[in-house]
Amino acid sequence: MHIKTTKCNRFCLVASVTNHEVFHRPEAQASFEALFRSFDPEVQFQYFKSFQRVRISFSDALAAAEARLRLHKTDFNGKEMKLYFAQSVHIGSPRLEPPKPDKQFLISPPASPPVGWEQSQDATPVINYDLLCAISKLGPGDKYELHTATPTTPSVVVHVCEDERGDSSAPDDSDQDDKPRPPRPKIIQTRRPDYTPGVEQ
């Protein structure tokens, strides 16, 4: 279990500086650093121009506390400067723990399913006997209305094709050899429309 705590760093201050000269002019940097070197000669500075922040690290916690007490909300080159103690984040475990196995069975390749997981059973297929009975009663040339027409929708009618052989009995191999096969129906292609140059269709 990760325990994340925020702890105050007593040796480090963070200065919120709105005066941009501190990040651009060496003279302004020197005067800024002189304010804190009076409390600790070994103080170190880190400038973060994008965040308008300066990290000030002291070698003594009492010097950092005194600098914060005296310089917080003071004027620096016409702009107010605010000082805060830096905060460090501590995590209970130094190692990265694996994720909780809540939905690991969804990854590919799948791991072991969670405790209590059971395979779902497929539903029993539904057979429409009324439809099968109606289809079995249809004969060649008959039609069957599946959907009655309404004022806004057309009717759906199934037409059963007639048997071209004339009988429903299937011929054996000897009959197929003796009798000639019926000619295949000719496919009539759709006529291409006339094209007249210069006339848009």
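Below, all heavy atoms of this structure are taken into account, side chains as well, without hydrogens, waters or symmetry copies.
- Remark: E66 engages R70 in a salt bridge (Lys or Arg N to Asp or Glu O under 4.0 Å) (not counting sequence neighbours).
- The list of salt bridge (charged side-chain N to carboxylate O under 4.0 Å, His left out) pairs with a residue in residues 18-45, not counting sequence neighbours, reads E21-R25, R25-E27, E33-R37.
- Members clustered with Y84: none, using a 4.5 Å side-chain heavy-atom cutoff among hydrophobic residues.
- Heavy atoms only, all atoms of each residue included: C12 and S57 are closest at SG-OG, 4.1 Å.
- Between A64 and R10 the shortest heavy-atom distance is CB-O, 3.4 Å.
- Going from atom NE2 of H24 over to atom CG of N19 covers 9.5 Å, rounded to the nearest 0.5 Å.
- Taking NE2 of H72 as the reference point, atom CZ of F85 lies at 10.5 Å (rounded to 0.5 Å).
- Here the CG-NZ distance, from L83 to K73, works out to 11.5 Å after rounding to the nearest 0.5 Å.
- Pairing each heavy atom of S38 with each of L35, the nearest pair is OG-O, 2.8 Å.
- Interatomic distance, T18 OG1 to K79 NZ, rounded to the nearest 0.5 Å: 4.5 Å.
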### Task
Go through V22 and F76 one step at a time and tell me if the side-chain contact (heavy atoms from CB on, under 4.5 Å) criterion holds.
CA-CA 10 Å; V22 177; F76 177 73; 3.2 Å; yes

#### Entry: Trace of the side-chain contact (heavy atoms from CB on, under 4.5 Å) decision for D60 with F39
CA-CA 9 Å; D60 186 13; F39 299 97; over 6 Å; no

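- Once rounded to the nearest 0.5 Å, the distance linking CD of Q29 with OH of Y47 reads 4.0 Å.
- For the atom pair CZ of F36 and CG of L71, the computed distance is 5.0 Å after rounding to the nearest 0.5 Å.
- Shown here are the ring-ring contact (aromatic ring centres under 6.0 Å, His included) partners of F58, two or more places apart in sequence or in another chain: there are none.
- By the 4.5 Å side-chain criterion applied to Ile, Leu, Val, Met, Phe, Trp and Tyr, F48 is assigned to a cluster that also includes F51.
- For Q44, the CD atom is loosely surrounded, since the number of other residues' heavy atoms within 6.0 Å does not exceed 12.
- Cluster membership check: F45 does not share its hydrophobic cluster with V14, using side-chain heavy-atom separations under 4.5 Å among Ile, Leu, Val, Met, Phe, Trp and Tyr.
- Residues satisfying the salt bridge (Lys or Arg N to Asp or Glu O under 4.0 Å) criterion with R53, sequence neighbours excluded, are absent altogether.
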